Amino acid sequence: MFADPPHPPVRFSAPPFATETGVGRRGSRVGLVLSGGGVRGAYEVGIVQGIIEALGIDDGDAPPFGIFAGTSVGAINATYLAAHAHRGRLGIAGLAQLYRDLRLGDHVKLNWGAIARGTESACGGSSLLDPRPLERLVAESIDWCRMHDLVDAGDVRALMVAALDLSTSKTTVFAEVAPQTRFRESLGQRRSVSLGRVSPEHVLASAAIPLVFPPRRIGDSYFCDGGVRFNTPIAPAIRAGATRLVVVTLGAAARERARPQKNPGLAFVAGRMFGALLADPVAHDLHVLGRLNRMLGVAEGGDRGVLTSMQHTLIETRGAPYRQIKVLDFSPTEDLGAMASRRVQELLRQPASRIRRWASGLLERSETVRDANWATYLLFDGPFADSLRDLGRRDALARQREVREFFLAKDAPAIVAAE
C-alpha cells in the first residue's frame, strides 16, 4: 500500500463531511469530470488530493464523488478513482505514486520502424510510441473487478469515458451505471452512448492520442482519443444524475503564448498541434451554463405553467430538462510549458539522460527547449509529473474555503445544466 505524500493534511473545525444535501455519502450525486492532456493528468491528481485535504477526509469517511467522467488521461484517472470509491481518500496516494514512478526509459518507447513500414500493432494500428507500457499500466494498476462491484452496489453511480469513433467521426461515451441510476441519453447527433461494462480497452481507446498511440478496435469500429471532439465530458455526468460537478481542465492557459518565430521547429509545432487537437470549449460551455442559469431563474419566477411547458419541450427535443447544477472548476494557474522547459533543461544536463537518447538532435534546438509545450503532454517523467501534481494540490488548497462551501453549504449559487 502506498503511503500518503509528505504533506500535512489541512484540518478544519467544521461540520461533518456528510450533510443533508447528500454530498459525501456513498453513491453521492457529486460528479468529477476530468479532461485529457497526456502527462498533464498529474495536475488532476493534485486537485483531487487538495480537495480531500481541504475537506479533512479520511479513508473511513464516504468519498467526495459518486459519479466519474473522463477523457484520455482523464479517463484513466477517473477509472482509477472509481475503483477506490470504497475509501474516502479514493486511493489518491497510490495514483500519485503511479505518476511519480513514470520513467522515460520504461514508458516512452519509440516505434519508428512500425511508422516507416506502416505495420500495425496487435491492437490494430501503427503508432509513434509502443502502446504496451500504457496497456500494462491500465490493466494492472486499476482493480477492475472491484470497480464493477462498486458500480453494482451503487457506491459508484456511474463511470463514463469518451472516445472518438473513427468510422463515424462521432464521440461515443462508454458508460457503466449503477442499477438505480437513470442515464438520460441525448437525442442529438453529436454523440452516442454505449451502456455496459467499462473495460481496459475502452479506457485505452479514450487515451489513444492520434499518431502517438494506435487506435483501439472495439466491436467493428476503431476508436481514438476522445479529446479530439469531447475533451471535457460535462454533459454525460449531468445525464447520469450529477447535482454538483467538479470540473478539471488541462488546456493551455492564455498566458502560455508562443513566442514569434521565423522558422518553428518540429517539436514546437508538435506541441502547438497537441494543444489545438485537444482544445476544449469548456470555458464557453461554462459561460453558456451561467447564461442558461439566469434564464431559468427568470422562468422560475414567472408563470409556473410556462416553465412546465418549457421543460416538457426540452425533454422532447434533448431528452432531459434543464436543471440547476453547482459547478466548481479548476485549471492550472502556472505556465505548464515553462515548467516543462525547466525540466527538459535539467534532463539535458544529465550526460546519460534518457531524453538525450530519445530525441537527441531534436532537443538540442534552443527553441525546442524554450517552448517545451510538447513536453507537457509527452514527458513521461516522474519528477515532472510530481511537479504538476503539486501544482494541482496547491491550486485546490488555495481555494479551500470555496471548496468547503461547494461541498458543505446548502445555499451556494447554482448553475444550469445543459449540453
Side-chain angles (χ1 to χ4, degrees), residues 30-51 65 67-85 90-92 95-96 98-99 102 134 137-138 141-142 147 156 158-164 171-176 191 198 200 202-210 212-213 216 223-238 240 242 245-252 274-275 277-283 285-286 327-332 336 376-378 380 385 388-389 391-392 395-396:
V30 182
L32 176 65
V33 181
L34 303 176
S35 66
V39 76
R40 291 178 180 222
Y43 176 83
E44 298 172 337
V45 178
I47 289 292
V48 175
Q49 184 180 35
I51 288 173
F65 308 105
I67 295 172
F68 302 84
T71 297
S72 195
V73 71
I76 298 174
N77 289 341
T79 305
Y80 184 99
L81 295 171
H84 287 78
L90 294 169
I92 194 65
L95 185 55
L98 287 178
Y99 280 92
L102 290 176
L134 182 62
L137 187 148
V138 169
S141 301
I142 296 171
M147 187 269 290
V156 173
L159 168 66
M160 294 147 290
V161 301
L164 179 68
T171 298
T172 296
V173 177
F174 296 102
E176 182 170 345
R191 309 193 251 315
V198 171
H202 297 123
V203 173
L204 288 167
S206 181
I209 300 173
V212 177
F213 293 113
R216 315 295 300 196
F223 293 84
C224 72
D225 198 316
V228 175
R229 295 286 297 275
F230 197 33
N231 203 34
T232 309
I234 294 174
I238 293 170
L245 289 178
V246 172
V247 180
V248 187
T249 57
L250 302 174
F274 282 127
L277 186 65
L278 302 178
D280 200 20
V282 66
D285 291 346
L286 293 175
V327 174
L328 181 65
D329 62 286
F330 293 92
S331 59
L336 302 189
T376 66
Y377 298 94
L378 299 179
F380 290 79
L388 297 180
R389 180 206 54 79
L391 172 62
D395 283 355

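Values in this document were obtained by computation on a predicted structure and should not be read as measured data. Computed from heavy atoms alone, side chains included, the values below leave out hydrogens, waters and symmetry copies.
Note that OG of S206 is 10.0 Å distant from CG of L164, once rounded to the nearest 0.5 Å. The CG atom of L245 lies 10.5 Å from the CG atom of D329; values are rounded to the nearest 0.5 Å. One distance of note links OG of S72 with CZ of R40; it measures 12.0 Å at 0.5 Å rounding. L378 CG to I209 CD1: the interatomic distance, rounded to the nearest 0.5 Å, is 6.0 Å. Summarising the geometry, atom CD1 belonging to I47 is positioned 5.0 Å from atom CZ belonging to F330; distances are rounded to the nearest 0.5 Å.
Looking at heavy atoms from C-beta onward, T376 lies out of side-chain contact with L388 at the 4.5 angstrom threshold. Side-chain contact between L391 and L336: present, with at least one pair of heavy atoms (C-beta onward) separated by less than 4.5 Å. By the 4.5 Å heavy-atom criterion applied to side chains, P233 and V33 are counted as neighbours. With contacts defined as side-chain heavy-atom distances shorter than 4.5 Å, the pair V48/N77 does not qualify. Contact check for M147 versus E176: side-chain heavy atoms found under the 4.5 Å cut-off. Taking 4.5 Å as the limit, every side-chain heavy atom of T71 sits out of range of all side-chain heavy atoms of V161.
Geometric assessment of R389 against the ring of Y43 yields a negative cation-pi assignment under the 6.0 Å and 45° thresholds.
Checking L95, L90, V45 one by one against Y80, the side chain to side chain contact (heavy atoms under 4.5 Å, CB included) holds for a single residue, L95.
The shortest heavy-atom contact between V156 and A85 is CG2-CB, 3.5 Å. T171 and A162 get closest at one heavy-atom pair: CG2-CB, 4.1 Å. In terms of heavy atoms, I142 sits closest to A83 at CG2-CB, 4.1 Å. Nearest heavy atoms, L159 versus A82: CD1-CB, 4.3 Å. Across F380 and Y377, no two heavy atoms sit closer than the pair CE1-O, 4.0 Å. The heavy-atom pair separating I67 from A242 by the smallest distance is CD1-N, 3.5 Å.
In this structure, the ring of F223 has its center less than 6.0 angstrom from the ring center of F174.
For T79, there are no side-chain hydrogen bond (donor to acceptor under 3.5 Å, both in side chains) partners at least two apart in sequence or on another chain.
A donor-acceptor contact shorter than 3.5 Å links the side chain of E44 to the backbone of S35.
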